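Let me begin by presenting the structure, written as structure tokens, before commenting on it.
Quick caveat, the model's predicted, so the values are computed rather than measured.
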Amino acid sequence: MDKKRIEKVDVLKGFAIFCVVFGHAIQLYNGAIYRTEELFYTNILYKTIYSFHMPLFILISGYLFCISLENSKCVKKIINREISYFIPILTFALVKTLINTPFNMYFSLIFFRNLLYYVFHTLWFLWALIYSSISIYLFEKITKKNIKYFLLFIAIILIFITPDVLMSNMFKFTAPFFWIGYYIKKSNFNISSQLYLACIPIWLLMLAFYSNNHYIYITGISLNITSSNITEILYQLIFIDLFRYVIGLVGSLAIYKIICEILSIFSNRFIKCFRIIGNETLGIYIFSTEIINELVFEVTRNSSYNLIRTILLSIVVLIGTYLITRLIRKIKFINFFLLGK
């Protein structure tokens, strides 16, 4: 991969993590009423961000995973990669368990039940990377194409008919984008400029129809084939589930094209800021999600929605968590447990 292309990936990662922080800020930094009554779901900026930001992030992750496999197919390195994702999950799950379990129950079954719960409900995005990368790695080990196509068909069916348990709705939604990113890199698939441009109006048009039902958190991704009639099943499949996948893909491609145009206009200093942030997305995601968000929420508990304040706080949190990440990188012991490195 040439240097210019690597720069684009880092800038995209930087923009994607800003969208993550900004999306969380809209939800959490505008007061308790705004959060508890879920008013953020109707916010146009929130809708726009959530239509593409996780698909974009996971597409990039799949793309980069392909590069890592090309550089080394050693099983030990793949295992170490998955462990490095799991360590922060376990660390923060343990901290949450200690905080939310009475001291006199630390050595009881309740403690371990709570720990198990937090393990599977903490830092879901890292779980998505673990599941997606393992599935790709095992899939690539299969040599017979007929078996590959059959298993792929079964996997697609299972996405829609299996129940949403242990946040599997998030994994079922994100995994296809990881695979798309992986195979775009592996096949060196060259998407034409015309297709990128076409994605922009399609994405904007679909945004006009984006409703609360399209949030993966609200409706999930499991077809209730036992108790729903055929009309309800088809509506869920076509107008909710498939709609989510399509808007996520065209939105990601549209944003890529827009970022490329911005790169050709703005100065290297502007580009460098996003590229630097893009190198520390893991730490920014972990610390903003697990620590900073709740602290800022408490400070702004009595506030009402204010866009300017939300943007400014997002920038402060983005810079703050970046600096925290850089600091922790220098302390090997803490770095290992909090960032898995």
Side-chain angles (χ1 to χ4, degrees), residues 23 27 37-44 46-59 61-62 117 120-121 124-125 127-136 138-139 142 145-184 198-199 201-254:
Q27 178 180 351
E37 294 188 7
E38 299 182 339
L39 300 177
F40 49 86
Y41 282 132
T42 59
N43 185 296
I44 185 61
Y46 192 85
K47 284 184 178 183
T48 303
I49 290 170
Y50 276 75
S51 71
F52 76 87
H53 80 313
M54 276 306 163
L56 174 62
F57 223 136
I58 203 80
L59 269 166
S61 300
Y117 172 85
F120 285 102
H121 290 81
W124 72 261
F125 186 76
W127 275 117
L129 294 180
I130 291 172
Y131 290 143
S132 298
S133 54
I134 289 176
S135 65
I136 282 280
L138 295 177
F139 187 75
I142 302 172
K145 288 187 176 181
N146 289 341
I147 296 178
K148 275 191 170 185
Y149 294 145
F150 174 75
L151 290 176
L152 189 59
F153 174 76
I154 295 298
I156 292 172
I157 297 298
L158 290 176
I159 284 175
F160 295 105
I161 67 171
T162 51
D164 292 336
V165 294
L166 297 177
M167 298 191 75
S168 64
N169 56 319
M170 306 304 299
F171 313 136
K172 291 188 288 183
F173 175 58
T174 53
F177 294 107
F178 188 95
W179 281 56
I180 291 171
Y182 176 88
Y183 281 105
I184 284 177
C199 285
I202 294 173
W203 174 50
L204 294 176
L205 179 63
M206 294 185 75
L207 267 177
F209 296 94
Y210 198 91
S211 68
N212 284 14
N213 284 335
H214 292 112
Y215 290 106
I216 191 69
Y217 314 101
I218 294 179
T219 53
I221 202 166
S222 179
L223 298 177
N224 193 356
I225 57 177
T226 57
S227 59
S228 300
N229 60 49
I230 188 64
T231 303
E232 293 173 336
I233 292 173
L234 289 176
Y235 181 84
Q236 169 79 25
L237 177 63
I238 298 171
F239 295 104
I240 296 179
D241 293 337
L242 294 181
F243 182 96
R244 268 193 295 244
Y245 284 119
V246 174
I247 195 173
L249 181 58
V250 298
S252 297
L253 297 179

Worksheet item: Quick one: does Ser168's side chain have a donor or acceptor within less than 3.5 Å of a partner on Pro163's backbone?
Response: yes
Item to complete: For residues Gly23 and Tyr50, report the shortest heavy-atom separation together with the two atoms involved.
Response: CA-CE1, 4.0 Å
Worksheet item: Tell me, do Pro176 and Ile159 make a side-chain contact under 4.5 Å, heavy atoms counted?
Response: yes
Discussion item. Pair Thr174, Trp124 - check side chain to side chain donor-acceptor pair (under 3.5 Å), show working.
Written reply: CA-CA 11 Å; Thr174 53; Trp124 72 261; over 6 Å; no
Worksheet item: Is any side-chain heavy atom of Tyr131 less than 4.5 Å from a side-chain heavy atom of Phe178?
Response: no
Item to complete: State whether the number of non-hydrogen atoms from other residues, nucleotides or ligands found under 6.0 Å of Phe239 atom CZ is greater than 12.
Response: no
Discussion item. More than 12 heavy atoms of other residues, nucleotides or ligands under 6.0 Å from OH of Tyr183: yes or no?
Written reply: yes
Worksheet item: Between the main-chain N or O of Tyr217 and the side-chain N or O of Asn169, is there a donor-acceptor pair closer than 3.5 Å?
Response: no
Fill in: Test item: Ser133 side-chain N/O and Ile130 main-chain N/O as donor-acceptor pair under 3.5 Å
yes
Worksheet item: Do Trp127 and Phe171 make the cut of ring centroids closer than 6.0 angstrom?
Response: no
Worksheet item: Are Met206 and Val246 side-chain neighbours, meaning at least one heavy-atom pair lies under 4.5 Å?
Response: yes
Worksheet item: Is the gap between the ring centers of Tyr215 and Tyr210 under 6.0 Å?
Response: yes
Worksheet item: Would you call Leu129 and Ile58 a side-chain contact if the rule is heavy atoms closer than 4.5 Å?
Response: yes
Worksheet item: Shortest non-hydrogen contact from Ala175 to Ser132?
Response: CA-OG, 3.6 Å
Item to complete: Compute whether any side-chain donor of one residue and acceptor of the other, for Ser252 and Trp203, lie under 3.5 angstrom apart.
Response: no
Worksheet item: Mind checking whether Gln27 and Tyr46 have side chains closer than 4.5 Å, heavy atoms only?
Response: yes
Item to complete: Please round to the nearest 0.5 Å and tell me the distance separating atom CD1 of Ile49 and atom CG of Asn43.
Response: 8.0 Å
Practice prompt. Report yes or no: does Asn213 contribute a side-chain atom to a donor-acceptor pair with the main-chain N or O of Ile218 at less than 3.5 Å?
Written response: no
Practice prompt. Specify the closest pair of heavy atoms between Thr48 and Ile44, including all atoms of both residues, with the distance to one decimal.
Written response: OG1-O, 2.8 Å
Fill in: Pairwise distance CD1(Ile161) to CD1(Ile156) - rounded to 0.5 angstrom
12.5 Å
Discussion item. Would you compute the distance between atom CG of Leu242 and atom CG of Leu237 and round it to the nearest 0.5 angstrom?
Written reply: 4.5 Å
Item to complete: Provide the closest heavy-atom pair for Ser135 versus Trp179 in the form atom of the first, atom of the second, distance.
Response: OG-NE1, 3.2 Å
Worksheet item: Nearest 0.5 Å, what's the CG-CD1 distance between Leu152 and Ile157?
Response: 10.5 Å
Worksheet item: Could you give the distance from CG (Leu204) to CD1 (Ile202), rounded to the nearest 0.5 Å?
Response: 10.0 Å
Practice prompt. Quick one: do His121 and Leu166 satisfy side chain to side chain contact (heavy atoms under 4.5 Å, CB included)? Show the steps, please.
Written response: CA-CA 7 Å; His121 290 81; Leu166 297 177; 4.0 Å; yes
Discussion item. Side chains of Phe150 and Asn146, heavy atoms from C-beta outward: is any pair under 4.5 Å?
Written reply: no
Worksheet item: So, Lys172 side chain and Thr162 main chain: donor-acceptor pair closer than 3.5 Å or not?
Response: yes
Worksheet entry | Contact summary for Tyr41 and Lys47, nearest pair of heavy atoms | O-CE, 3.4 Å
Practice prompt. Taking all heavy atoms of Phe177 and all of Leu59, pick out the closest pair and write down the distance.
Written response: O-CD2, 3.2 Å
Discussion item. For a side chain to side chain donor-acceptor pair (under 3.5 Å) check, start with the C-alpha distance between Arg244 and Ser51, then their side-chain angles and the critical distance, and finish with the verdict.
Written reply: CA-CA 7 Å; Arg244 268 193 295 244; Ser51 71; over 6 Å; no
Item to complete: Can you measure from CG (Leu138) to CD1 (Ile136) and round to the nearest 0.5 angstrom?
Response: 10.0 Å
Discussion item. Looking at Phe243, I want to see if its CZ is surrounded by more than 12 non-hydrogen atoms of other residues, nucleotides or ligands under 6.0 Å.
Written reply: yes
Worksheet entry | Minimum side-chain heavy-atom gap Ser61-Tyr182 below 4.5 Å | no
Fill in: Step-by-step side chain to side chain contact (heavy atoms under 4.5 Å, CB included) determination, Phe139 to Ile147
CA-CA 10 Å; Phe139 187 75; Ile147 296 178; over 6 Å; no
Item to complete: Verify, without hydrogens or angle tests, whether Glu232 (side chain) and Asn229 (backbone) share a donor-acceptor contact under 3.5 angstrom.
Response: yes
